[in-house]
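A, B, ... follow the sequence lines: proteins, then strands. Residue 1 opens every chain.
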2 protein chains.
Amino acid sequence: MEIIIDIEDTVPLFTQLMDQIKKAVLNDQVRPGDALPSIRQLASDLELNNKTVAKAYRLLERDSVIQTKGYRGTFIHPDARANSANDLNAWILARLDKTIGALRDSGVTDSEIRIAFGNVMNNRNY
Amino acid sequence: MEIIIDIEDTVPLFTQLMDQIKKAVLNDQVRPGDALPSIRQLASDLELNNKTVAKAYRLLERDSVIQTKGYRGTFIHPDARANSANDLNAWILARLDKTIGALRDSGVTDSEIRIAFGNVMNNRNY
DNA sequence: ATATGTACCCTGCGTACTAAGGGTACATAG
DNA sequence: CTATGTACCCTTAGTACGCAGGGTACATAT
């Protein structure tokens, strides 16, 4: 599995990393159970910050593409193939688009939507 | 109808203005058909910018609390009482809270929600 | 000429977020 | 002692938005 990070790309580094790991899974370049480099190792190889790699790993684990086993390292998830094909962001977008579209159709301004959104995100639900 | 604007208040000026006009409607201090001051006149009286008053009027008209009749001026809407009792922002908040709560419950991070939200608001639905 | 709502240009200030990095520390298990 | 993931602390740069104001202009109708 060869990973290439382009720091000039507008795509965030952690996203580039996630995308390439998922791509490697889909292309059978890595298979369930295979070990991945440690966070620190990969960060060193790619000249990235530990936190950037850790972020990508954390999200990939949430999406069940990889599995971290504490001090034993990180491995490809048994269901990695199926889960790598999921486009979570597209799903989020569709859900939000539906709600926001309904608000806009009701004459609510974008400004009002943004303010209400900010309140919800900060748990100030009033 | 007496309107008092507190520029020290954290509540936005146009919101204070909207609130007080709606309150005057609910208290029967103004009635459907009554004329309101012109935008420029009210801005001058309250020492506000024309655009601030215009913004409040625009939103109040959208909410059918007032009616603007072009060069003839602005008047209280026939259904002003009922429409002044509506809390649009609470309704927006409830709609968004439902969608966002579902996303959060699915493990989506706030960061991801915010980014997707930004894309939807900018009609970059991809 | 005057007054109406409305639309557009521009500014400034405050706020809040993402992305990314630097550093330190911890419990775990070998 | 070493390596694992993880959790904090901090900073920096870039971006985007709300609110408010200043100014100019327009078609409308009296």
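For B/Phe117, the ring pair (Phe, Tyr, Trp, His ring centres under 6.0 Å) test picks out A/Phe117, with sequence neighbours left out. With sequence neighbours excluded, the residues that form a salt bridge (Lys or Arg N to Asp or Glu O under 4.0 Å) with B/Asp110 are B/Arg104.
For A/Ser44 and A/Gln41, the side-chain atoms include no donor-acceptor pair closer than 3.5 Å.
Looking at heavy atoms from C-beta onward, A/Met18 lies out of side-chain contact with A/Val65 at the 4.5 angstrom threshold. A/Ile115 places none of its side-chain heavy atoms less than 4.5 Å from the side chain of B/Ile92.
The CG-P distance, from B/Leu42 to D/dG21, rounds to 12 Å in whole Å. The separation between B/Phe117 atom CZ and D/dG18 atom C1' is 13 Å, rounded to whole Å.
Under a 3.5 Å cut-off, the side chain of A/Asp9 and the backbone N or O of A/Val11 do form a donor-acceptor pair. Of the possible polar contacts, one joining the B/Asp6 side chain to the B/Glu8 backbone as a donor-acceptor pair under 3.5 Å is found.
Here the shortest heavy-atom pairing between B/Arg95 and A/Thr99 reads O-CG2, 4.0 Å.
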What do the steps show when you test B/Glu112 against A/Arg62 for salt bridge (charged side-chain N to carboxylate O under 4.0 Å, His left out), and what is the final call? CA-CA 13 Å; B/Glu112 288 168 326; A/Arg62 182 205 55 185; 2.5 Å; yes
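Among pairs with a residue in residues 26-42 of chain A, those fulfilling salt bridge (Lys or Arg N to Asp or Glu O under 4.0 Å) read A/Asp28-A/Arg31, A/Asp28-A/Arg81, at least two apart in sequence or across chains.
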Hey, what are the protein-to-nucleotides 7-9 of chain D N/O distances that come in under 3.5 Å?
unit_1 : atom_1 : unit_2  : atom_2 : d
D/dC8  : N4     : A/Lys51 : NZ     : 3.4

Could you go through nucleotides 1-5 of chain D and list every protein N or O atom that sits under 3.5 Å from one of its N or O atoms, giving the distance for each pair?
unit_1 : atom_1 : unit_2  : atom_2 : d
D/dT4  : OP1    : A/Ser38 : OG     : 3.0
D/dT4  : OP2    : A/Ser38 : OG     : 3.3
D/dT4  : O4'    : A/Tyr71 : O      : 3.2
D/dG5  : OP1    : A/Thr74 : OG1    : 3.0
D/dG5  : OP2    : A/Ile39 : N      : 3.1
D/dG5  : N7     : A/Arg40 : NH1    : 2.9
D/dG5  : O6     : A/Arg40 : NH2    : 3.1

What string of B, S and - do you get for nucleotides 12-20 of chain C, 5' to 3', when a contact is any protein heavy atom under 4.0 Å? -----SSSS
